[in-house]
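Beneath this line is the structure, given in structure tokens, with notes to follow.
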Amino acid sequence: MKLSIGEAANICGASIRALRYYDEIGLVKPDEVTDAGYRLYGDRAMADLAQVVFLRELEIPIKVIAKMLSCPDHDKKRVLLNHRQLLILKRRHIDDMICLIDNMLGGSTMKPQTTWKDIEDARRQYADEVKNRWGDSEMYKQSQARTTNPAQELKVARQADDIFSRFAEIVDSDPASPEAQALVAEWQRHITDNYYECTKPVLASLGQMYVSDERFSENIDRFGDGTAKFMSLAISEYCK
């Protein structure tokens with residue numbers, strides 16, 4: 001079964017204009033062009049298009065993508081598998097947002113787990129893979145040098161989710177209580193083990209950001225209203 005250019009664009013999340021451009025420059029050719037000039041996309045063209053859309057999402061220039069796809073040892077399967085994993089993370093994120101809305105409506109009591117950070121971490125990982133092969137491109141000069149593991153990043157994010165959830169469960173208690181202070185110590189170790197050395201001055205600064213920066217507050221309060229403020233107070237007590 002072959003798809004029209006509009007159907008192919010909708011499935012892959014690209015514009016019709018982009019598909020026409022890819023055809024013009026020979027990047028993704030349709031499987032067939034009818035006598036009336038209509039482009040039709042079959043399995044081969046859709047597989048090529050999926051690769052291009054994924055690589056463009058990583059902000060890789062068209063010229064670099066063209067060079068990659070024309071290389072005899074280009075690993076098409078690996079690119080498609082990476083794309084699949086990123087789409088799975090996005091689906092999980094959407095499911096978690098639905099869960100969050102259900103919580104607000106008084107439905108499900110499940111806590112959201114996958115965050116947008118997980119998706120960004122995966123995107124960076126796949127971009128780094130391309131950089132390792134095509135790193136002479138100008139667009140990579142400002143990218144991070146450290147290679148990350150998406151599975152590990154997701155595991156770390158889930159560990160953070162667990163700590164946030166336990167803070168949310170005791171949000172009505174005393175921030176100076178032994179249980180709250182133990183959670184702060186665990187949070188400090190989590191940051192040190194997975195990101196950077198989290199000294200008390202650094203931790204105190206983070207605690208202030210949890211209430212002064214809406215991005216932090218909104219993310220932490222997903223686990224329960226007032227969690228960010230409670231964490232901030234508990235951290236303040238811990239760092240005295």
Side-chain angles (χ1 to χ4, degrees), residues 85-86 88-125 127-128 143-240:
Q85 181 61 26
L86 187 61
I88 288 173
L89 287 172
K90 287 184 175 181
R91 183 175 65 188
R92 287 176 183 169
H93 177 68
I94 292 172
D95 288 342
D96 287 339
M97 293 306 297
I98 293 173
C99 171
L100 179 62
I101 292 172
D102 286 343
N103 288 343
M104 294 176 177
L105 294 174
S108 171
T109 58
M110 293 177 61
K111 297 287 194 303
Q113 292 185 321
T114 305
T115 67
W116 192 253
K117 176 182 178 298
D118 304 325
I119 297 171
E120 291 300 322
D121 287 336
R123 186 180 286 114
R124 276 201 306 274
Q125 162 68 10
D128 283 346
S143 64
Q144 294 183 357
R146 183 171 66 97
T147 300
T148 57
N149 182 319
Q152 178 62 25
E153 290 287 348
L154 185 55
K155 179 181 177 181
V156 170
R158 292 290 172 83
Q159 290 171 348
D161 288 344
D162 177 64
I163 297 173
F164 290 145
S165 295
R166 284 184 283 144
F167 269 113
E169 290 171 359
I170 62 170
V171 73
D172 293 326
S173 66
D174 182 357
S177 68
E179 186 177 6
Q181 293 302 292
L183 273 178
V184 173
E186 184 177 348
W187 181 237
Q188 183 183 31
R189 288 194 302 272
H190 176 82
I191 297 172
T192 297
D193 291 344
N194 297 289
Y195 298 102
Y196 47 80
E197 183 179 3
C198 185
T199 62
K200 281 194 173 182
V202 171
L203 183 62
S205 177
L206 288 173
Q208 293 172 5
M209 290 173 62
Y210 294 163
V211 289
S212 64
D213 190 319
E214 290 183 357
R215 294 171 299 176
F216 283 98
S217 299
E218 290 176 1
N219 181 55
I220 297 173
D221 281 349
R222 294 181 306 130
F223 297 88
D225 291 340
T227 305
K229 182 178 180 180
F230 180 78
M231 280 189 70
S232 179
L233 291 173
I235 288 172
S236 179
E237 289 291 333
Y238 181 85
C239 295
K240 284 183 178 178

Interatomic distance, CG@L206 vs CD1@I191, rounded to 0.5 Å, equals 5.0 Å

Which distance, rounded to the nearest 0.5 Å, do you find between the CD1 of I163 and the NE2 of H190? 5.5 Å

Ignoring hydrogens, what is the shortest heavy-atom contact between S232 and G207? Give both atom names and the distance. OG-O, 2.8 Å

For residues T199 and Q188, report the shortest heavy-atom separation together with the two atoms involved. C-NE2, 3.8 Å

Do the side chain of S205 and the main chain of P201 share a donor and acceptor less than 3.5 angstrom apart? no

Considering non-hydrogen atoms only, spot the tightest contact between L203 and C239 and give its length. CD2-SG, 4.0 Å

Assess whether a salt bridge exists between E186 and R166, defined as any Lys/Arg side-chain N lying under 4.0 Å from an Asp/Glu carboxylate O. yes

In terms of heavy-atom contacts, does CG of D225 have more than 12 from other residues, nucleotides or ligands at under 6.0 Å? no

Correct closest heavy-atom pair for S217 and A228 would be CA-CB, 3.9 Å

How many angstroms lie between CD1 in I170 and OG in S165, if you round to the nearest 0.5 Å? 12.0 Å

How many angstroms lie between CZ in F223 and CG in D162, if you round to the nearest 0.5 Å? 9.5 Å

Please list, chain by chain and in numerical order, all residues satisfying side chain to side chain donor-acceptor pair (under 3.5 Å) with E237, sequence neighbours excluded. K240

Fit a plane to each ring of F167 and F230, take the angle between them on a 0 to 90° scale, and name the class: parallel (under 30°), tilted (30 to 60°) or perpendicular (over 60°). perpendicular

From CD1 (I235) to CD (Q181), nearest 0.5 Å: 9.5 Å

Looking at every non-hydrogen atom in both residues, tell me the closest pair between T227 and A168 and how far apart they are. OG1-CB, 3.4 Å

How many angstroms lie between OH in Y210 and CG in D221, if you round to the nearest 0.5 Å? 12.5 Å

Taking side chain to side chain contact (heavy atoms under 4.5 Å, CB included) as the criterion, tell me which of L183, V184, L233 meets it with Y238. V184

